[in-house]
Amino acid sequence: YKGKNGADIRIAIDVMDVALRQADITHVALVSGDSDFTPLVTKLRESGRVVLGVGVKSNTSNYLAKSCDVFSFYDDLRPREGAGLPERSIPSTPTDPVALIATALAALGNKPVPGSALKTQMRKMDPMFDEVALGHNSFLEFLRSHEEIIDLYKPAVGDVTIAPKGQLGANSSARNGATSSGNEGAGGQRAYNHPAYTPYTSPSSFYGAPSAPFAPTANTATERLRIWLRDNNFRYVPSAERQQIIHVVYDTFTSAREEEISLKEAKDRLHQWFEENRPSVPWESINSTVYHLFYTWCFFFDRTDGNDNKQLWDRRTSLHSDIHSAEELMQRCDRGIIRKLWERDRSDIDGDALNDWLYDGDAERRKQIGELIVSVTTAAPGPVAVGAPPGRQYTA
């Protein structure tokens with residue numbers, strides 16, 4: 001009787017009550033397309049729960065869908081008895097599968113990866129991805145329909161391996177030949193009769209390297225850096241998304257220069273802009289990038305109202321006055337991250353690992369990262385207080 005808002009509040013309270021009291025609950029299913037539940041989903045995932053979303057295509061927020069671990073459309077759920085699909089509502093615009101494959105491979109380092117890892121990454125970037133909804137009976141069949149942009153290898157037993165086109169070396173031509181000729185072995189597996197082909201056990205042995213688990217481990221400099229940054233509130237965002245988000249942040253504050261806008265209001269505008277113009281960019285990436293800027297002292301918060309109880313995110317916010325372009329905003333953020341790394345233990349910073357995290361290993365950015373590391377570690381001033389006025393530094 002209290003209407004929609006009352007139901008939303010009751011659902012959120014019930015979910016958090018159960019999540020807080022019953023630690024053995026690992027999965028939460030949310031049947032809704034309402035964007036108001038996005039913060040609830042984010043909080044559940046932060047607490048380690050897996051969130052499964054279900055909503056109708058005609059009335060589902062992209063940000064809610066993309067914030068879930070897996071999201072399915074009610075319209076596409078199939079009855080157990082195979083009685084056909086229910087009447088469909090107006091379909092939403094799907095993510096371009098070619099772009100999704102390319103983006104997921106880039107996030108995984110543009111190198112050979114197991115099919116399970118690729119699908120997990122694709123679902124992470126777009127929980128609405130479903131190969132069956134795209135007309136394929138399996139993920140392998142979906143991959144084989146896109147061999148113009150990828151190489152793949154499917155052994156007789158085990159997971160398929162996928163890489164960007166040309167990454168699997170001499171064997172890729174044999175695989176492509178088998179694809180075009182329809183050369184299939186017993187049980188639907190492909191037979192590769194190529195002089196360069198040797199029995200395959202793992203991506204490592206395929207290149208002649210010692211056999212080892214293919215997934216990145218904390219033994220690599222990049223992974224150690226990623227873990228430390230994640231534990232200090234810096235979550236990885238694919239370079240292309242991060243750069244685009246920072247540009248829109250700069251444009252948002254530039255256009256609102258004469259307004260009294262808080263960081264919370266600016267973030268709402270940011271989400272709205274991406275939902276309308278770039279819905280493929282995940283809600284999580286936008287949130288994480290704003291935190292990158294917040295924790296690297298890119299914003300100035302007005303404290304002149306005398307209200308010491310007001311949260312920083314609710315105060316009038318602007319970019320620091322020495323920021324005159326999106327590139328300068330990005331550079332200030334990069335410097336802030338380097339400074340936090342330097343303050344950690346005053347030891348050398350691995351420029352290659354940092355470039356991998358910030359710019360996905362972009363060679364053109366590597367020199368700039370090196371110069372920033374030198375400038376930050378040689379100057380090494382005291383920490384700047386969040387919200388400090390431009391031109392003044394406060395030593396912690």
Side-chain angles (χ1 to χ4, degrees), residues 32-43 45 53 55 57-68 71 90-96 99-100 102-103 106-107 124-129 234-296 298-302 311-320 323-334 358-360:
S32 175
D34 193 339
S35 62
D36 289 349
F37 287 113
T38 303
L40 173 64
V41 172
T42 302
K43 185 59 66 177
R45 293 184 66 187
K57 288 185 176 181
S58 61
N59 193 28
T60 290
S61 162
N62 279 329
Y63 280 108
L64 175 69
K66 291 178 186 298
S67 66
C68 296
F71 193 93
I90 301 171
S92 62
T93 303
T95 302
D96 177 19
L100 187 58
T103 305
K124 180 179 177 182
M125 292 179 163
D126 184 0
M128 292 182 287
F129 168 74
F234 291 93
R235 295 187 177 274
Y236 166 76
V237 178
S239 174
E241 290 180 0
R242 179 174 176 269
Q243 292 182 61
Q244 187 177 49
I245 293 165
I246 289 177
H247 274 80
V248 179
V249 169
Y250 178 79
D251 291 342
T252 299
F253 278 99
T254 301
S255 61
R257 190 166 289 163
E258 304 303 322
E259 298 180 52
E260 290 195 8
I261 182 174
S262 68
L263 186 54
K264 185 183 293 184
E265 291 167 336
K267 192 163 70 114
D268 288 343
R269 295 186 189 185
L270 198 64
H271 283 301
Q272 183 177 354
W273 189 95
F274 276 97
E275 188 160 9
E276 293 174 354
N277 298 280
R278 298 286 189 277
S280 61
V281 176
W283 185 92
E284 195 173 63
S285 292
I286 299 170
N287 229 32
S288 296
T289 302
V290 172
Y291 274 110
H292 290 186
L293 300 171
F294 178 79
Y295 286 116
T296 54
C298 291
F299 301 115
F300 172 70
F301 300 96
D302 188 352
Q311 297 292 321
L312 285 177
W313 288 59
D314 292 322
R315 293 182 178 277
R316 181 176 180 178
T317 310
S318 60
L319 298 177
H320 275 279
I323 298 173
H324 304 291
S325 68
E327 188 63 33
E328 288 184 2
L329 176 59
M330 200 172 326
Q331 190 173 107
R332 185 183 181 100
C333 181
D334 294 350
L358 285 172
Y359 296 106
D360 294 334

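For the numbers below, each heavy atom of this structure counts, side chains included, while hydrogens, waters and symmetry mates do not.
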Any chance you could measure [X], atom [atom1], to [Y], atom [atom2], to the nearest 0.5 Å?
X      : Y      : atom1 : atom2 : result
Ser285 : Arg278 : OG    : CZ    : 14.5 Å
Arg332 : Leu293 : CZ    : CG    : 10.5 Å
Thr42  : Trp283 : OG1   : CH2   : 3.0 Å
Phe253 : His320 : CZ    : NE2   : 11.0 Å
Cys298 : Met330 : SG    : CE    : 10.5 Å
Ser262 : Leu312 : OG    : CG    : 11.0 Å

Side chain to side chain, [X] and [Y], heavy atoms closer than 4.5 Å:
X      : Y      : answer
Arg45  : Glu284 : yes
Phe299 : Arg315 : no
Val249 : Thr289 : no
Trp313 : Val290 : yes

I would like to know whether Thr60 and Phe71 meet side chain to side chain contact (heavy atoms under 4.5 Å, CB included); could you show each step before the answer?
CA-CA 10 Å; Thr60 290; Phe71 193 93; 3.5 Å; yes

Count the heavy atoms of every other residue, nucleotide or ligand shown that sit under 6.0 Å from CD of Glu241, and state whether that count exceeds 12.
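Count over threshold, so yes.
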
Check: Ser239/Gln243 side-chain N/O donor and acceptor closer than 3.5 Å
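Ser239 vs Gln243: donor-acceptor pair found between side chains.
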
Closest non-hydrogen atom pair, [X] against [Y]:
X      : Y      : value
Glu275 : Ser61  : OE2-OG, 3.5 Å
Ala256 : Arg269 : CB-NH1, 3.8 Å
Pro279 : Lys66  : O-CE, 2.6 Å

Name the one of Asn287, Thr317, Thr252 that satisfies side-chain contact (heavy atoms from CB on, under 4.5 Å) with Lys267?
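Result for side-chain contact (heavy atoms from CB on, under 4.5 Å) with Lys267: Asn287.
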
Donor-acceptor contact below 3.5 Å, side chain [X] vs main chain [Y]:
X      : Y      : result
Ser67  : Leu64  : yes
Tyr250 : His324 : yes
His292 : Tyr236 : no

Please work out whether the ring planes of Tyr291 and Phe294 are parallel, tilted or perpendicular, with thresholds of 30° and 60°.
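Taking Phe294 first and then Tyr291, their aromatic rings stand perpendicular (interplane angle over 60°).
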
Side chain to side chain contact (heavy atoms under 4.5 Å, CB included) between Ile286 and Phe274, intermediate numbers included:
CA-CA 9 Å; Ile286 299 170; Phe274 276 97; 3.6 Å; yes

Could you check whether Asp360 pairs with Arg242 (Lys NZ or Arg NE/NH1/NH2 to Asp/Glu carboxylate O, under 4.0 Å)?
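No, no charged N to carboxylate O under 4.0 Å.
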
